[in-house]
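These notes are about the structure you will find just below.
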Amino acid sequence: MLDFSFSEEQEYFRDMLKEFAKEELLSNYTKWDRDGTMPRHLWKRLGQLGVNGLRIPTEYGGSEADCVTTGIAAEEIGRGDFNLTYAVMLNSLIGEIITNHASEELKREWLPQIASGEKIVGIALTEPAAGTDAAGIQTTAIYQDGVYILNGEKSGISVATISDAFIIFAKTNPELGNRGISAFILPSDLPGVECKGYEDMGNIPIGRGSIYLNDVELPEKYLIGQENKGFAQVMNGFDLSRLLIGLQCVGAGFQSLDETIEHVKVRQSFGKPLAKYQGVSFPIVTHYTQLEMIKWQAYRGLWLRDQGLKHSKESASVKWMGPKCSQEAIHECLLLNGHYAYTKEMPLEQRLRDVIGLEIGDGTAQANQMVIAKDIIGKEFKSYEKPVTTN
């Protein structure tokens, strides 16, 4: 039997976040973009609501929620403030990595602070010459006298300029390729760590930028899990973050449609409301239908993850379709609202800029289509070959 309903607790959680997003987030969404600042007080407020620690065990201050509940948070907060949804997506990915692989000492040091919102932690994997090909990173971590010496450059890193620390990936054995990558917690205030921000088109409060590592001495205790096992840790985590990104974008798309529906009911043209014209109502219906399908594919993927079942192709499909269809819906809404929507007096232009950024982050459409093709057509027909590594 199929059951597409949420539990009573999940419905209560959704209603609570819907009200919070409407009353405390939506009204100031454009303010943080104009100011170029991340509202850390709201990040902490999300911690008080249990959002930051959804995928963190209760013994470390988290909520220990299932993945479906986490998806509800991504969708509803995406309606209010797209950029603050990073508190759901990033913290869920980071929470799982630390919980499942880090030492007890690291768990007790970092997880409570992440759950409360006291600390913001980013993921540093991408490099100038290694995006989709994450295994091609060049950053190194060489062990010497009880410390790891880190050198390299990370680029396109979300929360680069506002993070208190990063989960950073580096090659501890470069000769092994992706089998020689390790994961570390890297405090951002260590000597030799330099973070520089970008002047991005959207997602301004997120502080995306580059991280430069110059002979950074990182104590051995900051290694997460076993040496040379870091690549598998983050690859599994992407299946979760991609589903959450899809719902984050869908939330922004649905909010734009809701606002536009109210507008076309009131705005008159040739003596009747715009909503009476099929040239207006049909595009709205088209985008609503697309977003609904992506939404339920996302929740299906999260349910599969909760059951311990394979969900990579579902995750990949949501990741490439979610941002694409959401930005198309928001673009249509901008046009239907007329010339005022092209100004910064309305949130639509910012939502459009923000959502476009996630057509790139966590894998482009093409990268995710490769994941799906490998699954449904077969690994032997994949369109790329692993590089040959030599000793």
Side-chain angles (χ1 to χ4, degrees), residues 89-90 93-94 96-98 100-102 121-144 147-161 163 165-188 190 192-198 208-218 220 222-242 245 312 316 319 358 360-364 366-368 370-371 374 382 384-391:
M89 184 265 290
L90 269 182
L93 175 57
I94 290 164
E96 283 201 0
I97 291 174
I98 295 177
N100 295 332
H101 303 287
V121 180
I123 290 277
L125 177 64
T126 303
E127 297 184 1
T132 300
D133 179 18
I137 65 172
Q138 299 299 311
T139 297
T140 57
I142 306 303
Y143 186 74
Q144 295 179 4
V147 299
Y148 285 93
I149 309 298
L150 275 64
N151 283 282
E153 176 185 349
K154 298 294 181 180
S155 61
I157 306 304
S158 298
V159 299
T161 62
S163 280
F166 303 96
I167 292 185
I168 197 159
F169 296 84
K171 285 188 173 176
T172 40
N173 191 335
E175 294 181 351
L176 294 180
N178 63 18
R179 295 187 302 276
I181 295 175
S182 298
F184 304 86
I185 293 182
L186 174 73
S188 58
L190 285 181
V193 178
E194 183 182 8
C195 303
K196 290 186 177 180
Y198 302 154
R208 200 175 67 98
S210 291
I211 306 167
Y212 302 92
L213 308 170
N214 185 20
D215 290 332
V216 179
E217 296 187 6
L218 187 63
E220 183 179 3
Y222 286 111
L223 174 68
I224 298 176
Q226 298 180 24
E227 192 175 89
N228 300 326
K229 300 296 184 181
F231 190 70
Q233 294 171 16
V234 72
M235 287 299 105
N236 178 266
F238 278 150
D239 280 344
L240 171 61
S241 63
R242 286 168 175 163
I245 284 172
S312 290
K319 172 55 186 67
L358 285 179
I360 304 170
D362 268 38
T364 62
Q366 294 82 1
N368 282 283
M370 287 162 58
V371 172
K374 185 173 69 173
K382 64 186 179 182
Y384 64 96
E385 298 293 336
K386 289 184 179 179
V388 177
T389 58
T390 58
N391 295 327

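Side chains included, hydrogens not; waters and symmetry mates left out as well; all remaining heavy atoms used. Remember, it's a predicted structure, so these values are computed and weren't measured experimentally.
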For [X], give me all partners under salt bridge (charged side-chain N to carboxylate O under 4.0 Å, His left out), at least two apart in sequence or on another chain.
X: Lys171; answer: none
X: Glu194; answer: Lys196
X: Glu96; answer: Arg55, Arg305

Return yes if some donor-acceptor pair links the side-chain N/O of [X] with the main-chain N/O of [Y] below 3.5 Å, else return no.
X: Glu227; Y: Thr172; result: no
X: Arg242; Y: Asp362; result: yes
X: Lys319; Y: Gly363; result: yes
X: Lys154; Y: Phe169; result: yes

Could I get the full list of side-chain hydrogen bond (donor to acceptor under 3.5 Å, both in side chains) partners for [X], not counting sequence neighbours?
X: Ser158; result: none
X: Ser188; result: none
X: Asn151; result: Asp215
X: Thr140; result: none

Please enumerate all residues that pass side-chain contact (heavy atoms from CB on, under 4.5 Å) together with [X], with sequence neighbours excluded.
X: Pro128; value: Glu153, Ser155
X: Ser163; value: Ile120, Val159, Phe166
X: Asn173; value: Glu175, Leu176, Asn228

Which distance, rounded to the nearest 0.5 Å, do you find between the [atom1] of [X] and the [atom2] of [Y]?
X: Leu223; Y: His101; atom1: CG; atom2: NE2; value: 12.0 Å
X: Ile181; Y: Ile137; atom1: CD1; atom2: CD1; value: 4.0 Å
X: Ile149; Y: Asn214; atom1: CD1; atom2: CG; value: 11.0 Å
X: Ile185; Y: Ile224; atom1: CD1; atom2: CD1; value: 4.5 Å
X: Leu213; Y: Thr139; atom1: CG; atom2: OG1; value: 6.0 Å
X: Ile123; Y: Ile94; atom1: CD1; atom2: CD1; value: 4.5 Å

Check: Which pair of heavy atoms, one from Ala160 and one from Ile211, lies closest together, and at what distance?
Finding: CB-CG1, 4.5 Å

Next item on the list: Indicate the atoms forming the closest heavy-atom contact of Pro187 with Ala165, along with that distance.
Entry: CA-CB, 3.9 Å

Next item on the list: Step by step, work out the side-chain contact (heavy atoms from CB on, under 4.5 Å) result for Val121 and Ile98.
Entry: CA-CA 11 Å; Val121 180; Ile98 295 177; 5.7 Å; no

Checklist line | Tyr148: partners by ring pair (Phe, Tyr, Trp, His ring centres under 6.0 Å), with sequence neighbours left out | finding: Tyr143, Phe184

Check: Less than 4.5 Å apart, any side-chain heavy atom of Phe238 and any of Val371?
Finding: no

Checklist line | Under 3.5 Å side-chain donor-acceptor pair for Tyr198 and Thr161 | finding: no

